[in-house]
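In what follows, a single structure is set out as structure tokens and then discussed.
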Amino acid sequence: MVNDWLDVDERVAVLTQIVRQMGECGRTSLMKMAYLLQTVKEVPLGYDFGLYLYGPYSAQVLNDLSVATFWDALHEEYYSTQDGYGYRITLGYLADDLLQDPQIVNLLERYQHAIDWVVEHFKDYSASEMEAVGTIVWVDREMKSMKKSISIDKLLEIAQEIKPHFPREKLRQIAEKLIQEGVLQYTQRKAS
Amino acid sequence: MERKYEIRCPIHGFIELNEWERDIINQPAFQRLRRIRQLGLTDYVYPGAMHTRFEHSLGVMHIATRMYDSIVARSAEVLKAELGYNDDGLRRDRMIVRLAALLHDVGHAPLSHAAEEIMPTKPDGTRYKHEDYTAAIIRQELREVIEDHPINANYNIRADDIAQIIEGKYDERANFSRRLIFWRQILASQLDADRMDYLLRDSYHAGVRYGVYDIDRLINCLCAFTAKVEDKEPRPVIGVSEDGWHAAESLILARYYMFTQVYYHKTRRIYDYHIAEAIKSALPYRGLPPPQETQEYMQYDDWWLLGKINRGMAGSHGERILKRNHYRLVYATSETPSRGDIRRVERAADQIRQRITSEVYLDSPERPKSWYNPGAEEILIRRLFEASPVPLHYYSHPVGGMQGIQQYRLYVAPEVRDEAARLVQEVTNGE
């Protein structure tokens, strides 16, 4: 698979298509959606995700975002609030030029189903909830490399370490939903 | 009372060690770093750049400790309130950070990063990285000296604790906690001990001044505070107090200059390609072993590779290294190419392959560890008069305006340089 990763313009197109279907989003949502596309739907984005302060993270996603803004496919705006800050990502004025390129149209056809899935399922999630989703899926997939399964209680315990102030019951609801939808592959409802 | 040892470092002066750390350093897995050059064949351009991962690793441990101590001194209350620390906890995690910093590079392949693109693939199709080899070597080769050392009776640290903080993965054998995720910022972020050391060290040995920044000021301004990003719950982060933002800016600019002037020098880059190809030729058929085969992997160091090259056993690329007869640059895009620029250079590479020679190499930002990336793990600034922190670019216009370098470069064998250059001109002008 090493040679089958998407090229930079193809990755940028995937990110742009996500934003187009979302209308607008923040960095967290874009990061976690890219993570889900790669991890759950096996879209070969080739990002190298590791655990960071806010769950699974790859600097390469934000690097591609920076390319996307340089190409004016996406537009990113910094905002501050009383107690924090964030970024608002919207379509750039050349987004259509990229998305209507015949090579990109072909590519998106191939992955449109996956993009639809991630946007439809998580469009209304807040950044905090998306972080919870990404973190839960990350813990589940860590079990894959260890060739083990994990009980939902243990999974929630680990996820709670990363997100200590997120309500446990809400974490559980998200995990249950992800199990129901077949997203979690190594998590069992009962203790293993 | 622990006995202390000192090693003299050209960058930091005396670096202090305890007996435990000295015993770890004396292990073959760590001594091997004396035979892994920090910057590959950068000495082909900057002859002084002959330093190794050994001295860099000691330097990273030294800086990581200074960072840790500075943060604890300025932000003990935050660490206690947000991460539940007491003094014993802080003392233990200081040791984990020291050891992780010391060992963070033990998994490097011959001549450092150049070999990363020939590392074997994992079952999911991605390549192993040197961090995977580092973690395996810590768990397999260094477990005993870490876990059974008498000094560890005071800390109860497992090899898995150290491997985990380096890998950024979950390990059920280790103590998984948000404390380690927090301290991981010292090892892997925009503001980590690794780059704080290599910028100064690489500058010093290469004989340039591009990587110099005010490390003392920067470390003295490090602190921990809570930050709220988007609507996520506030989380403790490591950042810089407002009076240190210029020092943080100078680190970012130093890194940019080092990439453009040293790491990304056109001749240095092509030697990374020749190194990777020479290693492929010198290795047995199956290539580098997977990380769990640590004993075999550790045999591969610079002495092994340079010996193979010297004996003519590293193929045509080994021969080119021996004679300093590298491929020559015939075309380069701008640092931030458009899609059209990328297509043109890719087409030119195809044309050269079809019409002139197979000895062509397109160096692209897709290759691992190749290009400068301003990074997204933003450096946060704690403001003096406002409660909420802001990212560095809020203050620094140069940092805010920086783009990642995405340049593509096309190289060919020197024997066909002129012919290839003419063809490239045809292709790039003909559109």
Side-chain angles (χ1 to χ4, degrees), chain A residues 1-2 4-5 7-9 12 26-29 31 42 44 46 48 50-54 57-63 65-67 69-71 78 80-87 97-98 101 126-131 138-139 142-146 148 150 154 158 161-166, chain B residues 82-83 117 121-127 129 131 167-172 176-182 184-185 188-190 227-237 336 338-339 342-343 346 364-366 368 371 373-377 380 387-391 393-394 400 402-404 406:
Chain A
M1 193 186 274
V2 164
D4 296 336
W5 301 124
D7 290 335
V8 60
D9 55 346
V12 166
R27 280 190 179 184
T28 304
S29 290
M31 175 71 68
E42 299 183 345
D48 184 17
L51 180 63
Y52 199 63
L53 284 173
Y54 304 102
Y57 165 88
S58 167
Q60 295 158 316
V61 177
L62 296 192
N63 199 40
L65 173 60
S66 138
V67 174
T69 57
F70 185 74
W71 288 351
Y78 171 84
S80 61
T81 60
Q82 205 170 19
D83 54 355
Y85 72 96
Y87 297 89
D97 283 14
L98 175 67
D101 179 296
S126 67
S128 180
E129 289 165 339
M130 278 310 289
E131 187 194 348
W138 178 82
V139 177
E142 286 295 280
M143 295 302 124
K144 181 181 180 183
S145 57
M146 293 162 63
K148 283 190 159 187
I150 188 170
K154 183 68 183 168
I158 299 166
E161 261 308 305
I162 300 167
K163 281 182 72 64
H165 303 302
F166 196 81
Chain B
E82 293 291 329
L83 298 169
E117 56 187 276
T121 51
K122 300 179 204 174
D124 68 359
T126 59
R127 277 194 201 286
K129 299 176 295 175
E131 289 89 349
E167 285 180 304
K169 290 183 177 173
Y170 173 72
D171 181 345
E172 61 180 353
F176 182 82
S177 77
R178 60 182 176 273
R179 291 178 178 181
L180 292 187
I181 300 168
F182 174 80
R184 190 161 187 264
Q185 294 173 89
S189 73
Q190 280 280 65
K228 181 173 166 64
V229 182
E230 298 179 330
D231 74 345
K232 294 181 283 192
E233 315 83 57
R235 215 73 53 86
V237 297
T336 45
S338 67
R339 291 182 65 223
I342 295 172
R343 285 185 181 173
E346 286 176 342
S364 79
E366 304 294 327
W371 307 74
N373 169 2
E377 319 93 61
L380 289 184
S388 62
V390 290
H393 69 71
Y394 182 86
M402 284 172 89
Q403 282 284 332
Q406 301 282 330

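Every chain is numbered from 1 and lettered A, B, ... according to where its sequence line falls, protein lines coming before strand lines. Keep in mind the model is a prediction, meaning the values are calculated, not measured.
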Problem - Nearest heavy atoms of B:L380 and B:A227, plus distance in Å - result: CD1-CB, 3.6 Å

Problem - B:R178 vs A:E161 side-chain heavy atoms within contact, under 4.5 Å - result: yes

Exercise for the section: Using a cut-off of 6.0 Å, state whether more than 12 heavy atoms not belonging to B:Y394 lie near its atom OH. Expected result: no

Exercise for the section: May I ask you to name which of B:D171, B:D231, B:V229, B:I181 has the most heavy-atom pairs under 4.5 Å with chain A? Expected result: B:D231

Exercise for the section: Could I get the full list of side chain to side chain donor-acceptor pair (under 3.5 Å) partners for B:T336, not counting sequence neighbours? Expected result: none

Handout entry: Ionic contact status for B:K129 with A:D48, cut-off 4.0 Å
Key = yes

Exercise for the section: Tell me, for A:S126 versus chain B, whether the close heavy atoms (under 4.5 Å) come from the side chain, the backbone, both or neither. Expected result: both

Fill in the blank from the handout: So, the part of A:M130 with a heavy atom under 4.5 Å from chain B: the answer is neither

Practice task
Against chain A, label B:P123 side chain, backbone, both or neither, depending on which of its atoms sit under 4.5 Å from a heavy atom there.
Solution key: neither

Fill in the blank from the handout: Assert top hit (heavy-atom pairs under 4.5 Å, partner chain B, pool A:G84, A:G50, A:G46) equals A:G84

Problem - Heavy-atom proximity to chain B below 4.5 Å, by part of A:Y78 - result: side chain

Problem - Listed partners of B:R235 passing side chain to side chain donor-acceptor pair (under 3.5 Å), at least two apart - result: A:E131, B:E233

Handout entry: Structural part of A:L65 lying under 4.5 Å from a heavy atom of chain B
Key = neither

Exercise for the section: Measure distances from B:E82 to the heavy atoms of chain A and classify the residue's part below 4.5 Å as side chain, backbone, both or neither. Expected result: side chain

Problem - Closest non-hydrogen atom pair between A:Y54 and B:K232, with its separation - result: CG-NZ, 3.6 Å

Fill in the blank from the handout: Note: vs chain A, highest number of non-hydrogen pairs under 4.5 angstrom among B:R184, B:K228, B:R339 is B:R339

Practice task
Measure A:Q82 against the heavy atoms of chain B and call it side chain, backbone, both or neither at under 4.5 Å.
Solution key: backbone

